[in-house]
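Here the structure comes first, spelled out in structure tokens, and everything after it is commentary.
Predicted, not measured: the structure shown is a model, and the values here were computed from it. A, B, ... follow the sequence lines: proteins, then strands. Residue 1 opens every chain.
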Amino acid sequence: MKRLFAAAGLVTLLAAPAFAAKDSVTLGMQLEPPNLDPTGGAAAAIREVDYLNVFEGLTRIDESLNPHPLLADSWTLSPDGLVYTFKLHPGVKFHDGAAFDCSVVKFSYERAVAPDSTNAQKGYFEPIAKTECPDPNTAVITLKRPTGRFLYLMGLSDSVMISPASAAGNKTNPVGTGPFRFVKWVKGDRVELTRNDSYWGKAPALKTVTFRFVADPTAAAAAVMAGDLDAFPNYPAPETLDQLRADKRFTVAVGTSSGKVIMSLNNARKPFDDVRVRRALAYAIDRKALIDALGSGGTPIGSHYVPGDAAYVDLSNTYPYDPAKAKALLAEAGVKPGFTMTLRLPPPAYARRGGEVIAAMLEQVGITVKMENIEWAQWLDQVFGKATNFDATIINHVEARDLDLYARDFYYFNYKSDAYKAIYAKYIAAADPQEQIALAQQLQRQLAADEPAVYLYAAARTSVWSAKLRGMWVNGPIPANDMAAVSWAD
Amino acid sequence: MLKLLLSKTLALLATVLAASLVVFVVLQVLPSDPAALMLGTEARPDTLAALRHQLGLDQPGWWRYLLWIGGLLRGNLGVSYTYSVPVAELIGARIGVTLPLALLSILLSTAIAIPVGVLSAARRGGPADTALMAGAQLGVAMPNFWLGILLILVFAVGLGWFPASGFAGWDRGPLAALHSLILPAFALALPQAAILSRVTRAAVLETLGQDYVRTARAKGLTATKALWRHAVPNALIPVVTIIGLQFSFLLAGTVIIENVFTLPGLGRLMFQSIAQRDLIVVQDLVVLLAGSVIVVNFAVDLVYMLLDPRIAAR
């Protein structure tokens, strides 16, 4: 027996890394990115590895969604709100040595709107009429119409700067201007980044950053507790949080996200085309009880916007929990007790477990809910893609400030409102920040009144990291793990 | 022998072709659009069309099938939709995890099961037999993912002897790589060993009752010698059959254990590519696994011949 223990000890010694001042961080992520090019795919995992680490845009978005100068040192806007003149930071180089200048800006934005572009947010670039380069360090961007959110949109991960020389290879070998350069990607296991020693800005404290992909929540909890991982943003095992909170080795941080968990209704299908029915469903759901039952935190909401964003207006009490009122509204709309609706549920717990809770609540007002579990690919194809073959679904809309969804001619919940579209047109054109906020609030009120979906709660973002780690983002309004300012305390 | 080899190769090709057709048709029927999965909920129709064109998804199904099979015959497995790298490269890297893991667990399970099975057959009805078979019963009943989690909690989280998850990679040396495979190998091997030990026990019990064992004892061999020289070798054919089945299972069925231990193996690749509708990877993997099952069966047939020369003479 003694020998067995000795042998095991030897194995442990062989595997242990050499002792040195710690300048590396290993982060856990549940999903592996499909590729590493943020301009060629929608997956949040791409951004969680790349954004602000490998790739940078003209502006950057901070933890509160405000744009700041990044590759553009400063800018001016013409009085008519149509011409942005960006002063670019001089002497910036891509990781492969290629120079960053105005020609790169022109290339990146034109590539994003090209006919063969696979940028998931092509719409961001649609307002751009042309990009001109009077000199290498000046970019003049002319818009087709005033676009108040332009600096914000150009700071997001879909708008990062791409070098013509490396654009084609970014899916597997990303080359950007950021503080970390890509080292390798062991598919199915990890991505490794290392410090960019010739970074144009402030050098990061960390030498290496490794992203490890741990899909299973139990495995994630074990890897954190065993010390294999230094941090796990968006921690997937809420049932172990109490244990981690009690353990001095860890920090458990609960922040906000841009995720809005909603029960989307098919507004084109009877009886959900009747606003009384949609409001009745809203009255029938006890949001607080739902959040408690799910155990992963959150704040009740009444519209498609999250607290913490400057333009948020609290409408969570528009339809307070009131089963009697729900029943009355249903009767008024001619929905008989025993009416059956189908709720299609994608895999995450908020949908599957949340669906069960909501089904029980709707049962109380005389609605029978048939739950149908589907996987993501099916959800995208059948609910989102075809948008005809569903009554209701539960989904977390994770995109920040995505009020445009309701202004689209076609979107899966089939909401059609000319009043909303009119306010939205003013909102995207508004250049004055105060006016923009006022219009965003009008949009939220319009949605709360029409209730095209039952707004449930703003999802919390719970993360776990080593108690000695400094500088991690607590809030996650956009998918990102900005590692430039992260360091170890002594 | 040559005839056998030829007929096996033909069977291999026919099975692989049938498997390829079945998996292709099934994946076409599945509700999915790989391009929509990659571009998410904000994508515009023209962007989707551009990506579908890049992936070749705008071509008719029969033409895509022919392109794929034509590529396979020339040794070209195609390019993954999601990762945009050759599938051969993906599979190659993953085999380096799954194959050693399967070999290690089959070694462990055999090394545990044969002595246990033989011992309990020899001590039939005794306390050792009762204890070992009770243990085996427990092993059969234990799901391997549960055992995996238990091993992680005790040896990784509690004692810290092994990493809780992940694969160190062969580039960090064979010791580090094996170190990260030990717990998953045990989690896979113990339930398999439980089954194998029961099969071994039953087979040895049967041969122990045969005339030739009695004859061996009559001509003066001790009970132990008769057991190891005559009863055990003759009991090996069913044992080898089970080992062959288990090996196929381990190659294809490590999905769950690879998820529990977060190992970048074939099982996880299969799981991920199904979820992401990386159809070409799924197709290649199914063909590969179908082929490997047939190869393993063939190897088992060869071992039969070694164990029992009468089979080869037939």
Side-chain angles (χ1 to χ4, degrees), chain A residues 8-9 11-12 14-15 32 34-35 37 40-44 114-123 171-172 185-190 212-216 218-229 347 374-378 380-382 384-385 395 397-399 402 404-405 410 412, chain B residues 30-44 46-47 50-51 53-54 81-85 89-90 93-94 97 149 152-153 156-157 159-169 173 175-176 179-180 182 258-265 268-269 271-272 274-278:
Chain A
V11 172
T12 321
L14 286 170
E32 177 172 24
N35 65 65
D37 181 1
D116 62 346
S117 156
T118 54
N119 194 306
Q121 300 287 3
K122 210 169 167 176
K171 283 197 151 116
T172 48
W185 179 7
V186 182
K187 306 241 163 40
D189 190 50
R190 64 183 187 276
R212 281 219 15 230
F213 313 116
V214 184
D216 185 73
T218 317
V224 167
M225 282 186 235
D228 293 2
L229 300 174
I374 53 180
E375 46 156 353
W376 272 124
Q378 282 173 298
L380 275 172
D381 187 61
Q382 296 176 349
F384 184 78
I395 185 81
H397 277 271
V398 294
E399 216 70 47
D402 49 354
D404 66 304
L405 305 182
F410 171 80
Y412 76 103
Chain B
L30 260 186
S32 65
D33 178 357
L37 263 170
M38 286 163 75
L39 290 178
T41 52
E42 304 269 302
R44 309 196 152 211
D46 60 332
T47 324
L51 183 60
H53 180 70
Q54 276 180 24
Y81 294 164
T82 41
Y83 286 133
S84 331
V85 296
E89 201 178 288
L90 278 180
R94 304 296 183 103
V97 178
I149 294 169
I152 291 175
L153 285 180
V157 177
L159 296 168
W161 292 355
F162 297 94
S165 66
F167 181 65
L175 260 179
H179 186 220
S180 48
I182 288 176
E258 285 180 3
N259 259 314
V260 169
F261 286 92
T262 325
L263 297 173
R268 261 190 89 207
L269 180 63
F271 187 75
Q272 279 182 323
I274 292 175
Q276 297 181 330
R277 294 292 191 269
D278 198 344

Looking at [X] and [Y], what are the two nearest heavy atoms and their distance?
X	Y	answer
Ser117(A)	Ala50(B)	O-CB, 3.9 Å
Tyr83(B)	Glu32(A)	OH-OE1, 2.6 Å
Ala156(B)	Ala226(A)	O-CB, 3.8 Å
Ala219(A)	Val260(B)	CB-O, 3.1 Å

**OP:** Find the one option among Thr118(A), Val224(A), Leu229(A) whose heavy-atom pairs under 4.5 Å with chain B are most numerous.
**Re:** Thr118(A)
Original post:
Between Asn119(A), Asp116(A), Val214(A), Thr172(A), which residue shows the highest count of heavy-atom pairs closer than 4.5 Å to chain B?
Top reply: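 Between Asn119(A), Asp116(A), Val214(A), Thr172(A), the count favours Val214(A).
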**OP:** Identify, with sequence neighbours excluded, every residue that meets side chain to side chain donor-acceptor pair (under 3.5 Å) alongside Asp189(A).
**Re:** none
**OP:** Return the set of residues passing side chain to side chain donor-acceptor pair (under 3.5 Å) with Lys187(A) (not counting sequence neighbours), or none when no residue passes.
**Re:**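 With neighbours one apart ignored, the set is empty.
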Original post:
Once you round to the nearest 0.5 Å, how far does CD of Glu375(A) lie from CD1 of Ile274(B)?
Top reply: 8.5 Å
Original post:
Could you give the distance from CG (Asp216(A)) to CD1 (Ile149(B)), rounded to the nearest 0.5 Å?
Top reply: 6.5 Å
Subject >> Pick from Pro163(B), Ser180(B), Gly265(B), Ala275(B) with the largest number of heavy-atom pairs that fall under 4.5 Å of chain A >> reply: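 Most heavy-atom pairs within the cutoff with chain A belong to Pro163(B).
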Original post:
Which bit of Leu90(B) comes within less than 4.5 Å of chain A, counting heavy atoms only: side chain, backbone, both or neither?
Top reply: side chain
So for [X], is it side chain, backbone, both, or neither that comes closer than 4.5 Å to the heavy atoms of chain B?
X	result
Ala43(A)	backbone
Thr218(A)	side chain
Pro115(A)	backbone

